[in-house]
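Let me give you the structure first, and then I'll get to my questions.
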Amino acid sequence: MHCILCLSTALSPYHQDTKRAYWQCANCELVTVEPDFWLTPDAERAEYDKHENSLEDVGYLKFLARAYQPVLNLVTAPAKGLDFGCGPAPALAHHLNQQGYDVSYFDKFYFPDTATLEQTFDFITCTEVIEHLSTPRAVLTLFQQQTNPGGIWVIMTKRVISLDAFRNWHYKNDPTHIAFYSDATFDWIAQHFKMTIIERQKDVVVLKDSTR
Ligand SMILES: [Zn+2]
Ligand SMILES: [Zn+2]
């Protein structure tokens, strides 16, 4: 078994609850669910279909504000963006497009047109997605390839604080959540993908391309 993010084989048991076993990577500190407990794609999709967010849902937009506010602050419209893993309703892209941005969206289950991913972007948003991915390394590599010089990534996911907090964390109980990132994991991501972390807020990390 190896780490799905950094490929290290230095994984050790982290926690076990009544449903699943969790491992932690000694290199990037990613905590992952043992693959035996991952849902099949069909079962995963069925979970997402249970809670569809609509374009007009005020609570959902407020929640997404934590992701679109950094874009409004850091990127001047018009600029090209990608919302990766938008879910059944592309609310974030819709909202940013109303503000003059040109945002495309992709979702493995709901908007699977991979032609979208062949463009390059000034910013990429990824909200509550990365914790669902069994291939975060491939997805972040794609982001790196599709990011224009000086572009930014806005990644929203709840972060691991400590084992104590993890034990009682509702976030780990979602059966579609299989990977849990900490500040140290984001440090590894920044270094590996040649990004600089420019903001670390509650549940949101903003990284900026620092290659050129
Ligand atoms: Zn790792
Ligand atoms: Zn999630």
Side-chain angles (χ1 to χ4, degrees), residues 1-15 17 19-35 37-41 43-53 57 59-67 83-92 105-111 124-141 144 153-161 163 165-166 169-193 195 197 201-205 207:
M1 202 156 74
H2 65 262
C3 175
I4 56 175
L5 179 61
C6 78
L7 308 181
S8 165
T9 52
L11 303 189
S12 50
Y14 185 69
H15 181 62
D17 59 26
K19 295 217 167 73
R20 306 189 295 180
Y22 306 83
W23 296 72
Q24 187 177 41
C25 172
N27 184 40
C28 73
E29 297 190 21
L30 184 71
V31 174
T32 47
V33 170
E34 195 169 301
F37 300 101
W38 294 357
L39 297 179
T40 62
E44 191 187 357
R45 163 85 193 235
E47 285 294 322
Y48 302 144
D49 286 343
K50 281 186 199 166
H51 31 86
E52 293 203 10
N53 304 302
D57 187 331
Y60 185 55
L61 263 186
K62 219 172 136 187
F63 161 81
L64 286 182
R66 288 190 286 162
D83 185 31
F84 184 92
C86 59
L92 181 59
Y105 44 88
F106 173 85
D107 190 282
K108 185 171 99 174
F109 293 107
Y110 299 101
F111 298 98
I124 297 174
T125 55
C126 185
T127 69
E128 300 291 332
V129 171
I130 198 168
E131 72 275 8
H132 301 258
L133 299 177
S134 59
T135 59
R137 186 185 180 90
V139 168
L140 293 170
T141 300
Q144 187 183 36
W153 302 348
V154 179
I155 300 180
M156 187 194 284
T157 188
K158 289 194 184 297
R159 301 202 287 284
V160 176
I161 306 294
L163 177 55
F166 190 88
W169 204 20
H170 69 92
Y171 204 63
K172 77 165 163 61
N173 298 334
D174 183 325
T176 63
H177 287 180
I178 56 171
F180 305 95
Y181 299 71
S182 63
D183 279 329
T185 315
F186 275 99
D187 289 339
W188 184 90
I189 289 171
Q191 196 189 16
H192 183 82
F193 293 100
M195 303 289 286
I197 294 175
Q201 306 163 7
K202 187 179 185 292
D203 307 339
V204 174
V205 177
L207 304 96

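As the structure lists them, so they are numbered: ligands from 1, and atoms in each ligand from 1. One is the number of the first residue; the rest follow in order along the sequence.
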*asked:* To make sure I understand the geometry: which N, O or S atom in H177 is closest to the Zn ion (ligand 2)?
replied: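 H177's closest N, O or S atom to the Zn ion (ligand 2) is named NE2.
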*Would you confirm whether H132, through its side chain, and T176, through its main-chain N or O, come within 3.5 Å as a donor-acceptor pair?*
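Between the backbone of T176 and the side chain of H132 there is a qualifying donor-acceptor contact (under 3.5 Å).
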_Heteroatom test (N, O or S) for E131 near the Zn ion (ligand 2), limit 2.8 Å_ =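 Coordinating: yes.
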*asked:* Using side-chain heavy atoms (C-beta onward) and a distance below 4.5 Å, is C86 in contact with L92?
replied: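 A side-chain contact under 4.5 Å is absent here.
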*Between the side chain of Q24 and the main-chain N/O of E29, is any donor-acceptor distance below 3.5 Å?*
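Yes, Q24 side chain to E29 backbone: donor-acceptor pair under 3.5 Å.
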*Ignoring hydrogens and angles, tell me if any N or O in the side chain of R20 forms a donor-acceptor pair with the backbone of I178 under 3.5 Å.*
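Judged by distance alone, no pair lies under 3.5 Å.
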*About how large, to 10 degrees, is the angle SG of C6, then the Zn ion (ligand 1), then SG of C25?*
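The two atoms subtend 100° at the Zn ion (ligand 1).
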